[in-house]
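Predicted, not measured: the structure shown is a model, and the values here were computed from it. The chains referred to below are lettered A, B, ... by the order of the sequence lines, with proteins before strands, and numbering in each begins at 1.
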Amino acid sequence: MDFDLTEEQRLLRDAVERLVAEEYDFDKRKAYAQEPAGFSPARWAQYAELGLLGLPFPEALGGVGGTPVETMLVMEAFGRGLVLEPYLATVVLGGGLLLLGGSAAQQQEMVPEIARGRLRLAFAFGERQARYDLADVATTATAAAGGGFVLSGAKGVVLHGDSADRLIVTARTAGGPREREGISLFLVDAQAAGVTVRGYPTVDGLRAAEIAFREVRLGPEALLGPRDHGLDLAERAIDLGIAAVAAEAVGAMSALHELTIDYLKTRKQFGVAIGSFQALQHRAVDMFVALEQARSMSYLATMMAEAEDALQRRRMLSAAKVQIGRSARFLGQQAIQLHGGVGMTMEYKAGHYFKRLAMIDTLFGDADHHLALVAESGGLIDAA
Amino acid sequence: MDFDLTEEQRLLRDAVERLVAEEYDFDKRKAYAQEPAGFSPARWAQYAELGLLGLPFPEALGGVGGTPVETMLVMEAFGRGLVLEPYLATVVLGGGLLLLGGSAAQQQEMVPEIARGRLRLAFAFGERQARYDLADVATTATAAAGGGFVLSGAKGVVLHGDSADRLIVTARTAGGPREREGISLFLVDAQAAGVTVRGYPTVDGLRAAEIAFREVRLGPEALLGPRDHGLDLAERAIDLGIAAVAAEAVGAMSALHELTIDYLKTRKQFGVAIGSFQALQHRAVDMFVALEQARSMSYLATMMAEAEDALQRRRMLSAAKVQIGRSARFLGQQAIQLHGGVGMTMEYKAGHYFKRLAMIDTLFGDADHHLALVAESGGLIDAA
Amino acid sequence: MDLRFTPEEIAFREEVRRFFREALPESIRRKMVDGRHLDKADIVAWQRILNARGWAVPDWPVEWGGTGWTPVQRYIFQEEMQQAPAPQPLGFGVNMVGPVIIAFGSEAQKRHYLPRIRNIDDWWCQGFSEPGSGSDLASLKTRAERVGDHYLVNGQKTWTTLAQHADMIFCLVRTNPRVKKQEGISFLLIDMKSPGITVRPIVTMDGGAEVNEVFFDDVEVPAENLVGEEGKGWDYAKFLLGHERTGIARVGVSKQRIRRLKELAALEPAGGGRRMIDDRRFREKIAAIEVELKALEMTQLRVVSAERQGRSKKPDPASSILKLKGSEIQQAVSELLMEVVGPYAMPYQPDEEGWNEPPIGADYAGPLAPTYFNWRKISIYGGSNEIQRNIVAKAILGL
Amino acid sequence: MDLRFTPEEIAFREEVRRFFREALPESIRRKMVDGRHLDKADIVAWQRILNARGWAVPDWPVEWGGTGWTPVQRYIFQEEMQQAPAPQPLGFGVNMVGPVIIAFGSEAQKRHYLPRIRNIDDWWCQGFSEPGSGSDLASLKTRAERVGDHYLVNGQKTWTTLAQHADMIFCLVRTNPRVKKQEGISFLLIDMKSPGITVRPIVTMDGGAEVNEVFFDDVEVPAENLVGEEGKGWDYAKFLLGHERTGIARVGVSKQRIRRLKELAALEPAGGGRRMIDDRRFREKIAAIEVELKALEMTQLRVVSAERQGRSKKPDPASSILKLKGSEIQQAVSELLMEVVGPYAMPYQPDEEGWNEPPIGADYAGPLAPTYFNWRKISIYGGSNEIQRNIVAKAILGL
């Protein structure tokens, strides 16, 4: 058991932190958000140069063969910088799905392109009626005469769905509307006939899209992973996503906590720094405890993200999502409160961390949703 | 709308508070608890003299014609004194059941005796398998040849069941094991053949009993209230009980909060009164807010205790029980914490308030139980 | 002790409720229900409807247009207005500068300003906070120097709500820097069109622009715009801050938002063919807030009742409890209103005139997350919850 | 970064687990599971079993009987012991006075006391707290006056756990009242059979008598019983208080209590023919604690890992976090263990030798409410949670 980073990991972390410090200050971030895609293509190219876009992929596919620990280090630094680029959508979710479920041909076609920064993906799994239920899939893919499929339906709040070249879409190929079995995944060109993408900003300054599929014709090679049994694959990718946003949230919380401590030390009222007031000190401690508990669960999520035992993996990832959600809400709300008015303004970074943390809670299911999953799975500790 | 007491009510309150102050200090209470019944027969006689035992009863039955407001005043003062006598069991629950459901003959026989302090009752409604579900009644009363009933079953944690002269027992006269319909109430002599009473102290220093009924023969006059439709009657009495313990809890919380504030003002550490530490001040404020919220709900419970609209009455009483439970737990735990070691000792009153408050939460269903009832009934505010 | 309303009070409630039902323009009501931005015209229109009915300033003395209602009637009026839901009258005029002018202003000030406040002919804003003085208000630095028949004002105010619409601002200014900080402060009424005033919006994290910075650069203010005596401004400010009491809990607002929450929970899918209202945990989360709100309503009625008995003429520290619990409840409801739409809290949908794209997800989803963000202010403004705890610790608990 | 145990660590865990399974007397294990009172004989018996195995004092230097384990092994050992569940070795000897004697004691003290601590030949108790000095420990008043070859001790200690069984007490005493309060304190070892010592039990609200007052009335203590130097007692006390770190979270204890809770929830009726474990709300309450506990376990492993890297030789303020969160979790579990039996939390059933009445309700219900009451102490003793927050604010956050 060992929480230490390898030398390579330390170098990676330092490099990404330096990049964020240099290229992602508050004003630059604001400028990136104004670019057409809602993020910076220049930064994306830089990530590719640094090897970040190939981090989790094997060297044979143009990657650098990293583990979830490397992804965690990147996401934590990105969380500190409130980075806007579609790393989660393209590398973690899209790349993860390809590695976990793609055919050799699919992998060879697409993974190196991702690593080079020339292909962006988005994972379209959510639907309006489904809330956080991954198995509630109404989008259908029916077998077409002469092979292939016809895809119809709509996906909602697809993270970075408006800048993706290809979409990975869950669709029902068999079974009743909410059964676990009968779901398959498909690769769909965002430009294909019948695909309508409506992109929009999210309240935290990122981008997402509503996407409609009207009788989109797909070849047989569009199928990603096993036919009718794709839900496990989707869940494995979502678990990678949960581990990634857990690290991102820890980065954001950690930066927000530091910002708050600095404010407590410098803001003066009644002739003294407000950090001298014991009630505020104790609040800051409770925030710190929440942060460290979240950090611990981010490590656990990273460790379990690729675990083979699906029951164990799912409940530990759900547990991590619960802790992240709870810690982020408490820490975020208190950070705004301790800042007072200045924390409420668009001109100050604290509010942006707060908003991003609130949205991370809704990503892949909120804390209540995952608490129910933990409880339904029998909890984390077996009865005597 | 008017929260003021009448002149008579003020006199009553002052009289009971004086009685508690004079006759119920910590050492006297300890001595009363050592008496055979677990409380003081002398105090009971004094309550009778003062008219407290006849408070809610009409003058025609030897009472003084009080309303739930008078009961609230008494219970709040009793809460401050951690009074041990079976006022709740005999006057509020027993007397309440007789007034609400008794025949004229039953009332004339028993109510004046209660008021004179010569008859004590207990309400045996709980069963081991039922937890807090009043309709889960396994005790049976089968019609006997030649009229009357035969009662068999067991009741648990019957408040002051070991000092009662008569028991009021819920039993199934029809219907399936957990149906609302089919429950009737019976008056049973505690000395009757087949009745076994095992009394014991409760962790808060009061008394309760496990009571078994083995083919106890009852005459037809033992039936209290309508046959097969007794659950409404039981619920109305429980609601009177909830209003009473809400007031008792407010009295106990209020005294415990004062004790804590006094401690904060007098206990010195690091050369100053610990009440000068802001973190403890703010804690004391949050306790005060919890207390005032509970007091408000005690008033509401009192106002609603006799409401005719059963749905409204039940959900408001449940809401009051939720607030009382939540406030008492928070305030109680914090009071012990702020006292430090001394709060943990048997020799100091704080711990006794804490224990009584913990047990009030389990009486008539705990906060979680009642929150579920509020939610099931559609909540307190109708949807738009 | 009788906690029911009297028949007269019930009749009054019916009258008020009927008036709100009939007189409140539907377009305004709809915006309130949806939690959308009100523009200046909405607030002015509604205030004038109230004024036409004679209900614009219930708390004022009858001679200046007050209604002479009992505290219970005033409570009912406010509660019904919040539940309608109608906009609150602009507090800076009606509840703040108005009562100060009534209590301390000159006859000329009263005759000029009070009718204009009632009818919102002047839009008022409040110049108290400064960048360096938040909770420590008395440390303010904006100075006013007496030069002949006017004051010369220099300095900066901040967090000035809706200053962009304002005709007038009432300010605390330092007229004497050589005395104890509370004693050198005066209370000035300043025309926002005066040369030297600059208003700069502060955009808040939800994207709204309801607060501003206001800069004063050699602004000339006629001496007759001083309220009361020079150097007594701090006393007037304390009077003003203690004036509003029970409204602070905003029980009616929370009731209305819970109604809205239940309405949305009955519409929102929970996955698996169920609705959010079918989810036991979600129902119990709502119920837990309803219980706290019911308790707060009773607490508020206790304060109102004490006021009716005339037992409490000065600011009641109980109002700090109303603020503490009231803000917690409003914020908790805003959290659930964001949670109820799940992932559809994420899309940012501008709440602007002229925005007519079709909604993303449900048409009600757009304002929910921004309102959650914005309502964090409730525990900050008007004396943060930490300051309220300090007040209760000292004034009630004697710590 | 690899958060899995190594194969060697897993093998070690198996060895430890097997030993506990085989060596822990069933009567003791049963009392631990039921949360019942252990008597002196139980604790002595178990300590001697550990000592026979060579595992009585894992943290000590090998020359004095320590095991030379890595921090991870020590963590595994402690965790498995808590989960067995086995009694913790008497901390006053093994974790408190033992390490102080090793670090600061004379050779004679080491040779005499250390083997006796290992085998619990002496039962030690701790004389730190006094009636007037709780969180402000350095203000203690018990004085020790040097008279020839002995000290004369007068004063009073309180909250002295299990002093009724004790052979020895280690005390902080004031040897010099004329210097700064921290500098006049010395560390004395005192035989509890000395004339002039009186022990008076303090009954706690749960009915237990595990703490005591200890009075010293002209007690003669040989000068050789001074540890280290006169006037350095405060340093030794700080060393002692910082010595125990990760055990403070009691993760293993909470795991074992949650297992017990789930076992009882599967037995306890919930009304309507259901069991408590069928109740979604109750299950989610348990799950919420399990999540916090898992996070705490990981936090503890991070501290252990840092210790292994030798990066943290002095007391780690992270141990304050372990104490804060660990106490909250233990107390939350004790609440649910009381709630699970509903009304059957009420009957008081003495937990005494010779009590053989049939149980009221279920046989497991008796200790649940008293344990909830008793465990309120966890956030009070060993530095209250308020003191822990002060430590973190200062030492980690720099406030």
Return the [atom1] to [atom2] distance between [X] and [Y], rounded to the nearest 0.5 Å.
X         : Y         : atom1 : atom2 : result
Tyr348(A) : Met205(C) : OH    : CE    : 12.0 Å
Glu268(C) : Gln129(A) : CD    : CD    : 11.5 Å
Gln349(C) : Thr202(A) : CD    : OG1   : 11.5 Å
Met346(C) : Tyr200(A) : CE    : OH    : 8.0 Å

Under 4.5 Å from a heavy atom of chain A, the part of [X] involved:
X         : answer
Arg281(C) : side chain
Pro350(C) : neither
Tyr372(C) : side chain
Asp279(C) : neither
Val211(C) : neither
Ser133(C) : backbone

Given side chains that start at C-beta, do those of Thr204(C) and Met346(A) come closer than 4.5 Å, heavy atoms only?
no
Validation row: Asp204(A), Tyr348(C) side chains within 4.5 angstrom (heavy atoms)
no
Which atoms of [X] approach chain C - backbone, side chain, both or neither, heavy atom under 4.5 Å:
X         : answer
Ala130(A) : backbone
Ile274(A) : neither
Ala358(A) : side chain
Arg329(A) : side chain
Leu206(A) : neither

Could you tell me whether the side chains of Gln337(A) and Ser379(C) share a donor-acceptor contact shorter than 3.5 Å?
yes
Under a plain distance cut-off of 3.5 Å, with no hydrogens placed, do Gln331(C) and Gln333(A) share a side-chain donor-acceptor pair?
no
Exercise: identify the closest heavy-atom pair between [X] and [Y]:
X         : Y         : answer
Pro347(C) : Val203(A) : O-CG1, 3.8 Å
Lys377(C) : Met344(A) : N-SD, 3.7 Å
Thr345(A) : Ile202(C) : CG2-CG2, 3.4 Å
Tyr132(A) : Gly342(C) : OH-CA, 3.2 Å

So does [Y] get a backbone contact from the side chain of [X], meaning a donor-acceptor N/O pair under 3.5 Å?
X         : Y         : result
Asp136(A) : Gly271(C) : no
Lys355(A) : Phe373(C) : no
Asp136(C) : Phe270(A) : yes
Gln269(A) : Gly132(C) : yes

Arg128(A) to Tyr344(C) six-membered ring, cation-pi geometry met (6.0 Å, 45°)
yes
Highest number of heavy-atom pairs under 4.5 Å with chain C: which of Arg207(A), Lys268(A), Arg198(A)?
Arg198(A)
Glu127(A), His339(A), Arg283(A): which one forms the most heavy-atom pairs within less than 4.5 Å of chain C?
Arg283(A)
Going through the distances and angles, do Ile380(C) and Ile336(A) end up as a side chain to side chain contact (heavy atoms under 4.5 Å, CB included)?
CA-CA 9 Å; Ile380(C) 294 172; Ile336(A) 300 301; 4.2 Å; yes
Evaluate the criterion salt bridge (charged side-chain N to carboxylate O under 4.0 Å, His left out) for residue pair Arg131(A) and Glu339(C); output intermediate values, then yes/no.
CA-CA 11 Å; Arg131(A) 194 172 165 91; Glu339(C) 281 179 26; 5.7 Å; no
May I ask you to decide whether Lys285(C) forms a salt bridge with Asp368(A), counting only side-chain N to carboxylate O separations under 4.0 Å?
yes
Quick check on the interface: out of [options], who has the most heavy-atom pairs with chain A under 4.5 Å?
options                         : result
Gly361(C), Ala270(C), Pro370(C) : Ala270(C)
Ser135(C), Ala369(C), Ser384(C) : Ser135(C)
Ala138(C), Ala362(C), Gly208(C) : Ala362(C)

